[in-house]
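Heads up, the thing below is written out as structure tokens.
Basis for what follows: all heavy atoms, side chains included, without hydrogens, waters or symmetry-related copies. On a predicted model such as this, the values are computed, not experimentally measured, just so you know.
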Amino acid sequence: MCGIIGYTGRREAVDILLDGLEKLEYRGYDSAGVAVVSEEGTLAVQKSKGRLKVLKEQLAAMPPLAGTTGIGHTRWATHGEPNDLNAHPHVSEDGRVAVVHNGIIENYIEIREFLTRQGIEFRSETDTEVVAQLMQYYLREYTDIMDVVYAVLHRIEGAYALGILCGDAPGQIIAARKDAPLLIGYGEGENFIASDVTALLAHTRKVSYMEDGEVAVITPDSVEVYDIDRIPLKKEIHQVEWDVSAAEKGGYPHFMLKEIMEQPEAVRKTISPRLRDGRVWFDEMAGREDFFDGIKRVAVTACGSAYHVGMLGKYMLEKLLKLPVEVSIASEFRYSDPMVDGETLVIVISQSGETLDSLAALREAKKRGAKTLAIVNVIGSSIAREADMVFYTWAGPEIAVATTKAYSTQIVLLLLAGLYWADRKGSISGEEYQELIDGLLALPDQIQEILDRVDDYQETASRYFNHDSVFFIGRNLDHALGLEGSLKLKEISYIHSESYAAGELKHGTISLVEPGTLVVALATYGPLFEKTRSNIVEVQARGADVVALVTEDRADALPEGVNGIFVIPKTHPLLQPNLGVVPLQLFAYYVALHRGCDIDKPRNLAKSVTVE
Ligand code: M6R
């Protein structure tokens, strides 16, 4: 959701904050702001509605904000429309405290009313401002700033990652975390806070992850962390492996295109550490090889594209394990009184590892005694830390809001987990096991082969970018894949698009198909090709234009009159979606490009959704 950065050191803070905000802008981009504190304790704030570049232009046109300690924020609005006043940092009425916040203060109305009765005047419509004003209120009562901070934290309810500057303690940032990500970066004579490690890569790779209830006091030369009872803690410092270039565009016009192109490498990096002497092996399971033993059913829960991976997972895992697999959207799962117990494995899939709905689903599953496995990309993220077992996708940082390489690596990881488990359980034949291992090894080169045909997708996109309604149809794994193809298209191009099981269309939706409607027909699932072929003919009969996704061996078997064909190499049916998704990503990308959309930062969206 929102992005937070904080710096305290010996360099001027503003440029470092702006550089960090640039890396975090994918988390939210309605407005941005910075606050710095001078050695004398004077706070200076600049913030504005719109993209970060607006703030940068404003700062460039005014005298520099001097100070070597500061905080910055990029916002995804929840409470209060995106405007200058609602932008962060929020400052207390007396100007002594500045606050940046990610999350939602749920009891802000009650606190706001209380403070208003005390004569404090609010300037914004946000929930966050109550934190700054409460700080001011308690500063009258306590002289020790940490007494003030703890009084505030005991008063507020909800989720927060907070960065606080106080004129009474220049050179110091106070950070607090509950249900929203926040990490501390350690430099030489300077230290940082950030929502996400990508903001810090240019300065340090040494980080520690704040846990719920923790409060940190950060100066240029020290980091002290306390728990909710103010007991000092010793934090583990992790070395981040990602390099700076991984979070840069590297010559590509958009992060999304770069990340699509990185898929062969990301998939290879996710697979190769999990193969040993031709068999699937997870270092993560060393000493816990029996993790899957005794499980009778599987529940997969996730949001958005990660949920679509879960949909693929249902088809894959049921086939491999012969166990029932249910898939649910995390925001539904958590409130559904889920039927999970000690014999259920709950798999939570999340690129960011911070999606609040998925985190809450994980916690609900654990509360009910289920075993939990997380498939996550961001190391040290909340979901990764809280699950009983975590398998990391090695996709590297994903910046574009529309996920691509994380999705691809999630599929292979889920399949690898299924293979390991099926082998242990004896539910897969030696022949099929080998076929899948061979298929996995061939995947990166096959993805590359598809990427090399980029002109085909570009050309098809140039013919269809001005359509306003698109249907994706497919059966079995192709149906699950269609959900992702449709989401990719709609989230970045703003074209209304729906995905249907191909056999379901005739039960209502086909009434929307009329001459010129675009139907993207996914026909890569070999066992049901003929059935999907018939569905293509049905929509053609109603005048639809059809773009078909098909394996190379079946390109000639498509019905006459198909208007566009994306041909992909053939592999084992369970691996086919890993190839099929690539043309769909590129089609969506080029459609959005033709429409002049802001591809990496689509309207109303944010990369990491840490609110309900
Ligand atoms: O970080 P997560 O994988 O938990 O995020 C889940 C969804 O918010 C995410 O997949 C979203 O749907 C993407 N914008 C899709 O491209």
Side-chain angles (χ1 to χ4, degrees), residues 2-25 27-75 82-102 123-124 126 128-129 131-133 135-136 139 145 161-175 185 187 189-195 199-200 202-204 217-221:
C2 306
I4 290 177
I5 175 90
Y7 171 79
T8 176
R10 291 177 174 83
R11 297 186 275 165
E12 284 301 312
V14 166
D15 284 346
I16 297 168
L17 297 176
L18 290 177
D19 180 59
L21 288 181
E22 202 173 298
K23 305 289 184 311
L24 293 173
E25 209 184 3
R27 298 179 67 91
Y29 29 85
D30 295 334
S31 53
V34 290
V36 294
V37 57
S38 70
E39 272 174 35
E40 299 73 40
T42 308
L43 287 179
V45 179
Q46 187 64 28
K47 54 186 189 170
S48 96
K49 178 188 169 181
R51 296 288 163 91
L52 184 61
K53 72 176 183 15
V54 180
L55 176 70
K56 280 185 174 172
E57 282 160 13
Q58 288 180 354
L59 285 164
M62 59 191 273
L65 300 189
T68 57
T69 299
I71 50 179
H73 188 269
T74 175
R75 179 170 186 243
N83 63 26
D84 291 357
L85 283 179
N86 291 334
H88 298 216
H90 289 283
V91 179
S92 59
E93 197 189 31
D94 62 5
R96 280 164 81 190
V97 180
V99 172
V100 288
H101 168 223
N102 174 23
R123 298 186 195 103
S124 77
T126 65
T128 304
E129 192 182 346
V131 179
Q133 306 294 16
M135 287 284 298
Q136 170 178 326
L139 271 165
I145 184 130
L162 290 168
I164 304 172
L165 283 190
C166 184
D168 300 29
Q172 178 174 296
I173 299 172
I174 295 172
E190 56 186 14
N191 290 308
F192 306 81
I193 59 166
S195 305
L200 303 183
H203 309 288
T204 182
V217 183
I218 297 154
T219 70
D221 301 304

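In this structure, Thr68 and Glu12 have side chains that are in contact, with non-hydrogen atoms separated by less than 4.5 Å. In this structure the side chain of Ile5 reaches within 4.5 angstrom of the side chain of Leu200, judged on heavy atoms. When side chains are defined from C-beta on, Val34 counts as touching Leu18, because their heavy atoms get closer than 4.5 Å. Between Asp30 and Asn86 the shortest side-chain heavy-atom distance does not fall below 4.5 Å. The shortest distance between side-chain heavy atoms of His90 and Val131 does not fall below 4.5 Å. When side chains are defined from C-beta on, Gln58 counts as touching Leu55, because their heavy atoms get closer than 4.5 Å.
A donor-acceptor contact shorter than 3.5 Å is absent between the side chain of Glu93 and the backbone of Gln133. Side chain of Lys47 to backbone of Pro89: a donor-acceptor contact under 3.5 angstrom is found. With hydrogens and angles ignored, the 3.5 Å screen pairs a side-chain donor or acceptor of Glu129 with a backbone N or O of Arg123. A donor-acceptor contact shorter than 3.5 Å is absent between the side chain of His203 and the backbone of Ala199. A donor-acceptor pair under 3.5 Å is formed between the side chain of Ser92 and the backbone N or O of Val97. Checked by atom type and distance alone, the side chain of Thr219 never pairs as donor or acceptor with a backbone atom of Gln172 at under 3.5 Å. Judged by distance alone, the side chain of Ser195 and the main-chain N or O of Ile4 form a donor-acceptor pair under 3.5 Å. Not one N or O on the side chain of Asp84 forms a donor-acceptor pair closer than 3.5 Å with the backbone of Ser48. A donor-acceptor contact shorter than 3.5 Å is absent between the side chain of His73 and the backbone of Ala87.
Across Met135 and Ile145, no two heavy atoms sit closer than the pair CE-CD1, 4.3 Å. Residues Leu139 and Cys166 share a closest heavy-atom pair of CD1-SG, 4.2 Å. Scanning both residues, Pro170 and Gly167, for their nearest heavy atoms gives CD-O, 3.4 Å. Closest non-hydrogen pair, Ala13 versus Val36, comes out as CB-CG1, 3.9 Å. For the pair Pro220 and Gly171, the tightest heavy-atom approach, listed with the atom from each and the gap, is CD-O, 3.4 Å. When all heavy atoms of Val45 and Leu65 are compared, the closest pair comes out as C-CD1, 4.4 Å.
Phe192 and Tyr7 have tilted rings, their planes meeting at an angle from 30° to 60° on a 0 to 90° scale.
Atom CD1 of Ile71 sits about 7.0 Å away from atom CD1 of Ile193, to the nearest 0.5 Å. Interatomic distance, Thr204 OG1 to Glu190 CD, rounded to the nearest 0.5 Å: 8.5 Å. Atom-to-atom distance recorded for Leu24:CG and Asp19:CG is 9.5 Å, nearest 0.5 angstrom. Rounded to the nearest 0.5 Å, atoms CG (Asp168) and CZ (Arg96) are 4.0 Å apart. Atom OG1 of Thr74 and atom OH of Tyr29 lie 9.5 Å apart (nearest 0.5 Å). Here the CZ atom belonging to Arg75 is positioned 11.0 Å from the NE2 atom belonging to His101, to the nearest 0.5 angstrom.
For the residue pair Ser38/Glu40, the side-chain donor-acceptor check at 3.5 Å is satisfied.
A salt bridge links Asp221 with Arg10; the closest basic N to acidic carboxylate O contact falls under 4.0 Å.
For CD of Glu57, the number of neighbouring non-hydrogen atoms (other residues, nucleotides, ligands) closer than 6.0 Å is greater than 12.
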